[in-house]
Amino acid sequence: MDNFRAAVTDRLTRSLEESAPFVDDNLARIVWREFITPARELAASGKRTRALLIAAGHEACGGKVPPVHAGVAAELYQMSALVHDDIIDDSPTRRGVPAAHRNFATSHRGLSMLGDSAIFGTKAAILLGDLLLSLAAVEIEMAEASDAESLARARRLFHEMTAETAYGQYLDLRAESTCLNDHREAAINESLIVLRHKSARYSVELPLMIGGALAGASESDIARLSELGRPLGIAFQLRDDELGIFGNPEDTGKPAGGDITEGKHTVLLALTRAHASDADRKFVDDALGRPLSSDDVSRIRRIVVDSGAFAEHEDMIAAYERAALEVAAQFTAAPILGSVMTELENRRA
């Protein structure tokens, strides 16, 4: 698994360095380096989880040649989504370094360029995200597959994944602009719809399916990978939502309490609002969408835990993980799958 991760990182670096055959003079090369610098910094970290999930699905379905190009495609697309997501949320950092739009704004000031540095940073980061999406499409075209039909099926799943995630981003944006739902079950369901389309499918389910498709898996095996990946992806994202409130910024690369500051309508928020006292619910509601002090973050964490919301949320995660494990047991010769599942399950707030 470590060898595959290293191969993906090496190819990812080369993809960024070699992706501009149209740059043919020294000045253009200097500007190109400036343009891809935030991407290179973003690529320098990351656990390559999506690439490993492609490898896991590939191995589980009998694949032989490591799917490095497909793994790189997944990582490039992940980077594209992160760049755009950080613009939408105006996140200051990502993976412990300045978010791309902030990075470009700093370059704008350092080069004494004309105009507003923040506006320049946003526009430049949009373009960088588009570039990374384009490079991901190039990599998936080179993906290692058992035959042409398998490659075509994997490509189709990959492009469906990128389209669905854009829709999921819109669902998330729309939710942040919608009044909070005071009906517990309706609020949870609304949050799960956003979670599934924005994150769970592209984080786990579809990478597994793409890997299986590249290996020439049958439709029934790909369906089993979907049956495994869906609850595992939901559990993964529910865990990520806990980290959005309880995570250490040094580990997550994002500010403490970031999901509250960004006004995210998560399942954990819905449970907290359902369980908390009127005074605590008002405090949480008032905190949504605004900068938080360390005292604010501490109080919100206490409310989430003391209300019982955190314990119920953990029970939900455990139920989804059990459902995934039941399906995973059907894939008997899949060590990468077992290792990746253990990594995902061990993420704790």
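Computed over heavy atoms, backbone and side chain alike; hydrogens, waters and symmetry mates excluded.
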Report whether [X] and [Y] are members of the same hydrophobic cluster (ILVMFWY, side-chain heavy atoms less than 4.5 Å apart, transitive linking).
X	Y	result
L325	L52	yes
F35	L114	no
I336	V327	yes
V68	M142	no
L232	V194	no

If you round to the nearest 0.5 Å, how far is [atom2] of [Y] from [atom1] of [X]?
X	Y	atom1	atom2	value
L127	F104	CG	CZ	8.0 Å
R196	R230	CZ	CZ	6.0 Å
M316	E321	CE	CD	12.0 Å
R11	L16	CZ	CG	9.5 Å
I245	T272	CD1	OG1	6.0 Å
L27	W32	CG	CH2	14.5 Å

Could you tell me whether [X] and [Y] make a salt bridge, using a distance below 4.0 angstrom between a side-chain N and a carboxylate O?
X	Y	result
E41	R95	no
R153	E219	yes
K282	D285	no
D86	R102	no
E17	R33	yes
R290	E262	no
E164	R201	yes
R273	D182	yes
D280	R302	no
R29	D24	no
R224	D221	yes

Within-4.5 Å side-chain heavy-atom neighbours: [X] and [Y]:
X	Y	value
H84	D130	yes
S107	F120	no
L208	I54	no
K198	D85	yes
H265	R174	no
M161	L157	no
R94	M79	no
I317	F236	no

Short question: side chain of [X], backbone of [Y] - any donor-acceptor pair under 3.5 Å?
X	Y	result
H69	I140	no
S191	A187	yes
S150	S146	no
S226	I222	no
D296	S293	yes
R48	S45	yes
E75	V8	no
S307	I303	yes
T266	L269	yes

* May I ask you to check whether over 12 heavy atoms, not counting those of R184, lie within 6.0 Å of atom CZ? => yes

* **Pair E312-H275, side chain to side chain donor-acceptor pair (under 3.5 Å): steps then yes or no** => CA-CA 10 Å; E312 185 172 352; H275 287 293; 2.6 Å; yes

If only side-chain N and O atoms count, and only distance matters, is there a donor-acceptor pair under 3.5 Å linking [Y] with [X]?
X	Y	value
N103	T106	no
H313	E242	yes
E139	Y77	no
H108	D116	no
S298	D295	no
S199	S203	no
E185	N189	no

* To do: Please test D241 against L195 for side-chain contact (heavy atoms from CB on, under 4.5 Å), starting from the C-alpha separation and ending with a verdict.
  => CA-CA 10 Å; D241 290 343; L195 178 153; 3.9 Å; yes

* With a 6.0 Å cut-off on ring centres, are F310 and F246 close enough? -> yes

* To do: Walk me through it: do I36 and L131 pass the test side-chain contact (heavy atoms from CB on, under 4.5 Å)?
  => CA-CA 9 Å; I36 66 167; L131 170 74; 4.1 Å; yes

* May I have the step-by-step check of side-chain contact (heavy atoms from CB on, under 4.5 Å) for E314 and L238, ending in yes or no? => CA-CA 9 Å; E314 281 287 307; L238 289 173; over 6 Å; no

